[in-house]
Amino acid sequence: MEILVTGGAGYIGSHTCVELLNSGYDVIVVDNFSNSKPESLRRVEEITGKHLKFYESDILDKAILEKIFSENNIEAVIHFAGFKAVGESIKTPILYYHNNITGTLILCTEMKKHNVKRLVFSSSATVYGMPKSVPISEYFPLSATNPYGRTKLMIETILQDMYSSDKEWSIAILRYFNPIGAHQSGRIGEDPNGIPNNLMPFITQVAVGKRDKLNIFGGNYATHDGTGVRDYIHVVDLAKGHLSALEKIMKTSGIEPYNLGTGVGYSVLDLVKNFEKATNKKIPYVITAPRLGDIAKCYANPIKAKTILKWSAQKNIQDMCIDAWRFQVNNPNGY
Ligand code: NAD
Ligand code: UD1
């Protein structure tokens, strides 16, 4: 079965390609390498010993998508391609709206034209805005606090409207919590450009000596130790969640959101301690002012994915730390 993976060279996409190939799917990737490198796909092939088909293209290019759908017998699409940096989205909102929303509109137009109506979409826990309580369930009110979050929210609405107009669509909206870690091989992982915005890549860069210390954003939150609490999920578990969602959408029509998280919250200090224990590396840190827009606690109620998709996260925080560290050590300068 042929699956088109947009953004398949990226962090989550590359791990998902490994799981798809290992499960016997034929994988076609479209990526413009705006935030990734061809090397990640070469390593996906190395890890799996299988070949994937690849188009170096932008999903904003309608003609290329037309060609991809005409040349292949695609049965479903997993749509990762998009920009994801919150701070950057505040500075360049038009770029974010165009890439994420127009990109999705063009993709869905081509899908419909070629009668491919099965879609797994990468959304984010960011669509819950400032949740009133935790754990967060799928029926919680949705809102967004920055342009990136609004692109995810708007795309979810667009997909909902698309389904209302044509009930043949089958769509899984996956709301990821905080993916970290890397493939156990140490060959693929997260390779951020410049100074990492997210916590785990910052920690691994401190551990490897690329940065002096970690700045912990806020020590006065209403959490067990004052630092922000998140639901960290191993990227391989997350990738497997896509296969479960794919199996589900192949059997039914409809549109459903699913939280992909572990259901367990760890604070920044918890993660630092777990990382130190897993790697025997000391992480110097200072507590600084909170980051604008951050919330105290964010973790999932993952019951819906467990019940309906028959999926739940298997790896623990130590696995996440060990695997993130292995990738960092093996690839000190990224790909
Ligand atoms: P990533 O940046 O590593 O991967 C995205 C990939 O899409 C990159 O390879 C990039 O080159 C490609 N891309 C971007 N725009 C494109 C375009 N117009 N045409 C073709 N390719 C394009 O990001 P990721 O962490 O793997 O995230 C994947 C998806 O999951 C994104 O949509 C992101 O918003 C979402 N998400 C990520 C996280 C996270 O913490 N990583 C959390 C929630 C949601
Ligand atoms: C961020 C994004 C969110 C996105 C999510 C997953 C922001 C404001 N939010 O969420 O939209 O869906 O990533 O990609 O960017 N922290 C530090 N020091 C650091 C980095 C982070 O203390 O150098 C803290 C944060 O304050 C937070 C926790 O670590 O409490 C996790 O941060 P991060 O990895 O950036 O993820 P989120 O803030 O949850």
Side-chain angles (χ1 to χ4, degrees), residues 5-16 29-38 40-41 55-61 64-65 78-90 95-96 98-100 102-104 106-107 121-129 144-146 148-149 151-152 155 174-180 189-193 195-203 205-206 211 213-219 221 223 227-233 235 238-239 242 260 265-269 271-272 285-299:
V5 182
T6 76
Y11 174 45
I12 306 169
S14 56
H15 289 81
T16 303
V29 167
V30 56
D31 201 303
N32 63 359
F33 298 128
S34 52
N35 197 36
S36 55
K37 307 225 171 66
S40 69
L41 291 176
Y55 294 84
E56 180 174 351
S57 329
D58 198 307
I59 59 161
L60 291 163
D61 186 338
I64 297 284
L65 284 188
I78 306 183
H79 178 32
F80 293 106
F83 293 152
K84 63 167 182 178
V86 172
E88 196 178 68
S89 80
I90 295 168
L95 196 70
Y96 269 67
H98 187 52
N99 195 51
N100 293 7
T102 315
T104 304
I106 292 173
L107 174 70
F121 172 63
S122 297
S123 189
S124 165
T126 192
V127 299
Y128 296 114
T145 53
N146 55 69
Y148 165 70
T151 68
K152 293 295 177 191
I155 294 169
L174 304 184
R175 295 178 182 152
Y176 313 151
F177 281 69
N178 290 60
I180 60 170
E190 189 168 12
D191 179 23
N193 284 327
I195 302 171
N197 296 309
N198 297 116
L199 180 59
M200 182 55 110
F202 205 103
I203 290 179
Q205 290 197 5
V206 171
R211 322 229 161 249
K213 60 177 184 315
L214 169 69
N215 294 307
I216 297 186
F217 302 145
Y221 285 111
T223 61
T227 65
V229 165
R230 296 291 182 274
D231 187 337
Y232 297 98
I233 174 168
V235 66
L238 188 74
H242 292 72
L260 295 189
Y266 286 98
S267 72
V268 177
L269 283 172
L271 191 63
V272 168
Y285 67 81
V286 287
I287 299 198
T288 65
R291 183 170 62 182
L292 206 68
D294 272 3
I295 52 180
K297 290 184 196 171
C298 176
Y299 56 91

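Just so you know, ligand 1 is whichever comes first in the structure, and atom 1 is the first atom listed for that ligand.
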Counting N and O atoms only, with roles assigned by atom type, does the side chain of [X] sit under 3.5 Å from a partner on the main chain of [Y], one being a donor and the other an acceptor?
| X | Y | result |
| --- | --- | --- |
| T6 | F80 | yes |
| S14 | Y11 | yes |
| T145 | G129 | no |
| S40 | A9 | yes |
| Y266 | V272 | no |

Could you work out, for [atom], the closest of [options] by heavy-atom distance?
| atom | options | value |
| --- | --- | --- |
| atom 19 (N) of ligand 1 | V235, T102, T151, I59 | I59 |
| atom 34 (O) of ligand 1 | Y148, F83, Y11 | Y148 |
| atom 44 (C) of ligand 1 | P179, S123, G149 | S123 |

Verdict with reasoning, I59 to I106, per side-chain contact (heavy atoms from CB on, under 4.5 Å): CA-CA 7 Å; I59 59 161; I106 292 173; over 6 Å; no
Heavy-atom side-chain proximity of [X] to [Y] below 4.5 angstrom:
| X | Y | answer |
| --- | --- | --- |
| S122 | K84 | no |
| T104 | H79 | yes |
| I180 | L271 | yes |
| I295 | Y221 | no |
| D58 | I64 | no |

Any nitrogen or oxygen of [X], side chain or backbone, less than 3.5 Å from one on ligand 1?
| X | value |
| --- | --- |
| G10 | yes |
| I12 | yes |
| Y176 | no |
| F80 | yes |
| D58 | yes |

Criterion ring-ring contact (aromatic ring centres under 6.0 Å, His included) on F83 and H98, from CA distance to verdict: CA-CA 10 Å; F83 293 152; H98 187 52; 9.8 Å; no
A125 touching ligand 1 at heavy-atom level, < 4.0 angstrom: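 Judged by the 4.0 Å heavy-atom criterion, A125 does not count as contacting ligand 1.
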Check whether any heavy atom of K152 sits under 4.0 Å from an atom of ligand 1.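 Right, K152 reaches ligand 1.
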Nearest-neighbour protein heavy atom for [atom], which is reported as residue plus atom name and distance:
| atom | answer |
| --- | --- |
| atom 15 (N) of ligand 1 | N99 ND2, 3.0 Å |
| atom 8 (C) of ligand 1 | D31 OD2, 3.6 Å |
| atom 5 (C) of ligand 1 | G82 O, 4.0 Å |
| atom 25 (O) of ligand 1 | K84 NZ, 2.8 Å |
| atom 22 (C) of ligand 1 | N32 OD1, 3.1 Å |
| atom 2 (O) of ligand 1 | N35 ND2, 2.7 Å |

When you look at V86 and N197, which way does the side-chain contact (heavy atoms from CB on, under 4.5 Å) test go after all the steps? CA-CA 9 Å; V86 172; N197 296 309; over 6 Å; no
Mind running side-chain contact (heavy atoms from CB on, under 4.5 Å) on D294 and R230 for me, showing each step along the way? CA-CA 11 Å; D294 272 3; R230 296 291 182 274; 4.1 Å; yes
Consider only side-chain N and O atoms of E88 and Y96, and report whether a donor and an acceptor are under 3.5 Å apart.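 Note: E88 and Y96 side chains meet the donor-acceptor criterion.
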Contact partition for N178 relative to ligand 1, non-hydrogen atoms under 4.0 Å: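 Neither part.
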Atoms of ligand 1 close to [X] [distance to a heavy atom under 4.0 angstrom, numbered from 1]:
| X | value |
| --- | --- |
| S122 | 29 (C), 30 (O), 32 (O), 35 (C) |
| S36 | 8 (C), 9 (O), 11 (O) |
| F33 | 11 (O) |
| S34 | 10 (C), 11 (O), 13 (N), 14 (C), 15 (N) |

Can you list the steps and then say if V5 with D31 is a side-chain contact (heavy atoms from CB on, under 4.5 Å)? CA-CA 9 Å; V5 182; D31 201 303; over 6 Å; no
Listing by chain and number, which residues have a heavy atom under 4.0 Å from ligand 2? V86, S124, T126, Y148, N178, N197, N198, L199, L214, N215, I216, F217, G228, R230, Y232, V268, R291, D294
